[in-house]
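Numbers here are sequence positions counted from 1. Both backbone and side-chain heavy atoms feed into the values below; hydrogens, waters and symmetry mates do not.
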Amino acid sequence: MYNRNNFDVSKYFIVGPENTLDRNVEKIIEAVIEEGFTFIQIRSKVASARELIDLCVKTSDIIKKLNKEDQVSLVVNDRLDIVLAARELGAKVDGIHVGQTDIPVEVCRKYLGEDSVIGLSARTEDLIDYVKAKDTTDIDYFGAGPLRPSTSKPDCGLNDNGEIITRSFEEIKILKESSDIPVVLGGGVKIFDLKDLADTGVDGFFLISAISQADDPRLAARNICKEWEKSIRK
Ligand SMILES: Cc1ncc(COP(=O)(O)OP(=O)(O)O)c(N)n1
Ligand SMILES: Cc1ncsc1CCOP(=O)(O)O
Ligand SMILES: [Mg+2]
C-alpha cells in the first residue's frame, strides 16, 4: 500500500507552516505537486501534533484528489507518532525521514512496516563513510548536504567550531558513486544549482525556501521542475 517499491525522490519539496510567509501551506503543496514535484516531506519544529496530523491528512487528500498516489510520496520529518496517528485517521503517509539524532531507522521500520519509505540524512562526508561501514537494508534513500548555508535550517552543516561546512559537487559525486541507494541533495539549493547537481549523478534535489518563500511558489516550482528535467537530459 505504501510506496517503498515505487518512489521518486527526484523533485523533493519539504515544508511546514513556518516556511510559507503566512501563506496557506496546503495550497502551496497542491501547486507544487501539480507542477511536477514527486516527493513531499512535512517538516515543522513548531507546529503542534494536531496541526501536523491535520496537514498530513490534507496533503494525503490532495495527492489522492490529483490521482497521484503512485507518483508522489508523502513522508513526515522526525515524527513517528505523527505518521502513525495520520495513518490511523486514513491518511496515506508513505513513511518518515530521520537524521542522526532522531529515532533509529530500525525502530521506524518496526513500527511502520516493510512497505514504508524511510529516508536517513547526514552530512555528505559522514554519509561517504556510512555507506562503506553500515548496513543500509532498512534505509530507502539518503538525504545529504548542505550545498550552501540554509536559512530554513541554520544548523545544517555546522561543525564543532561553529562554522558551516558546505559540500562541493565533487564530494556529492563521490557519495552518489559509493551509495547503493538513491541520494537526494539539499540545503540552500536554488534553481541555478540544478545543472551542476544533475551532473553529479544524484537522484534528486530537495528544497524548502526556493519555493516556499518565492513571490509565486507555483511559478517557482514549475521553473525548477523544468530546469531539473532539462539538466538530467543533457
Ligand atoms: C531529505 C532530507 N534530508 C535531510 C534532512 C535533515 O534531517 P535532520 O538532519 O534530521 O534535520 P531536521 O530536518 O530534522 O532538522 C531532511 N529533513 N530531509
Ligand atoms: C531540512 C533540511 N535539511 C538539510 S538542509 C534543510 C533545509 C533546506 O531548506 P532550504 O532549501 O530553504 O535551504
Ligand atoms: Mg531530523
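Every pair passing side-chain hydrogen bond (donor to acceptor under 3.5 Å, both in side chains) that includes a residue from residues 21-32 is listed here, sequence neighbours excluded: Glu30-Lys65.
Residues satisfying the side-chain hydrogen bond (donor to acceptor under 3.5 Å, both in side chains) test with Asp135, not counting sequence neighbours, are Thr137. With sequence neighbours left out, the side chain to side chain contact (heavy atoms under 4.5 Å, CB included) criterion links Asn3 to Phe7, Ser73, Lys92, Asp94, Val117. Under the side-chain hydrogen bond (donor to acceptor under 3.5 Å, both in side chains) criterion, Ser116 pairs with Arg87, sequence neighbours left out. Remark: Asp126 pairs with Arg123 by the side-chain hydrogen bond (donor to acceptor under 3.5 Å, both in side chains) rule, at least two apart or across chains. Remark: Asn77 pairs with Gln41, Arg43, Lys45, His97 by the side chain to side chain contact (heavy atoms under 4.5 Å, CB included) rule, at least two apart or across chains.
For an aromatic pair to be called close, the ring centres must be under 6.0 Å apart, and Tyr141 with Phe39 satisfies this.
The closest side-chain heavy-atom distance from Asn5 to Asp115 is not below 4.5 Å.
Lys134 has no carboxylate O lying under 4.0 Å from a charged side-chain N of Asp129, or vice versa, which leaves the two without a salt bridge. Ion pair Asp81/Arg79 flagged as a salt bridge, since at least one NZ, NE, NH1 or NH2 atom sits closer than 4.0 Å to an Asp/Glu carboxylate oxygen.
A 6.0 Å sphere centred on CD of Glu163 holds more than 12 heavy atoms belonging to other residues, nucleotides or ligands. Applying the 6.0 Å contact sphere to CG of Asn161 captures more than 12 heavy atoms from other residues, nucleotides or ligands.
Put simply, the side chain of Gln213 gets close to the backbone of Asn19: a donor and an acceptor are under 3.5 Å apart.
With values rounded to the nearest 0.5 angstrom, Thr59 atom OG1 is found 6.0 Å from Leu74 atom CG.
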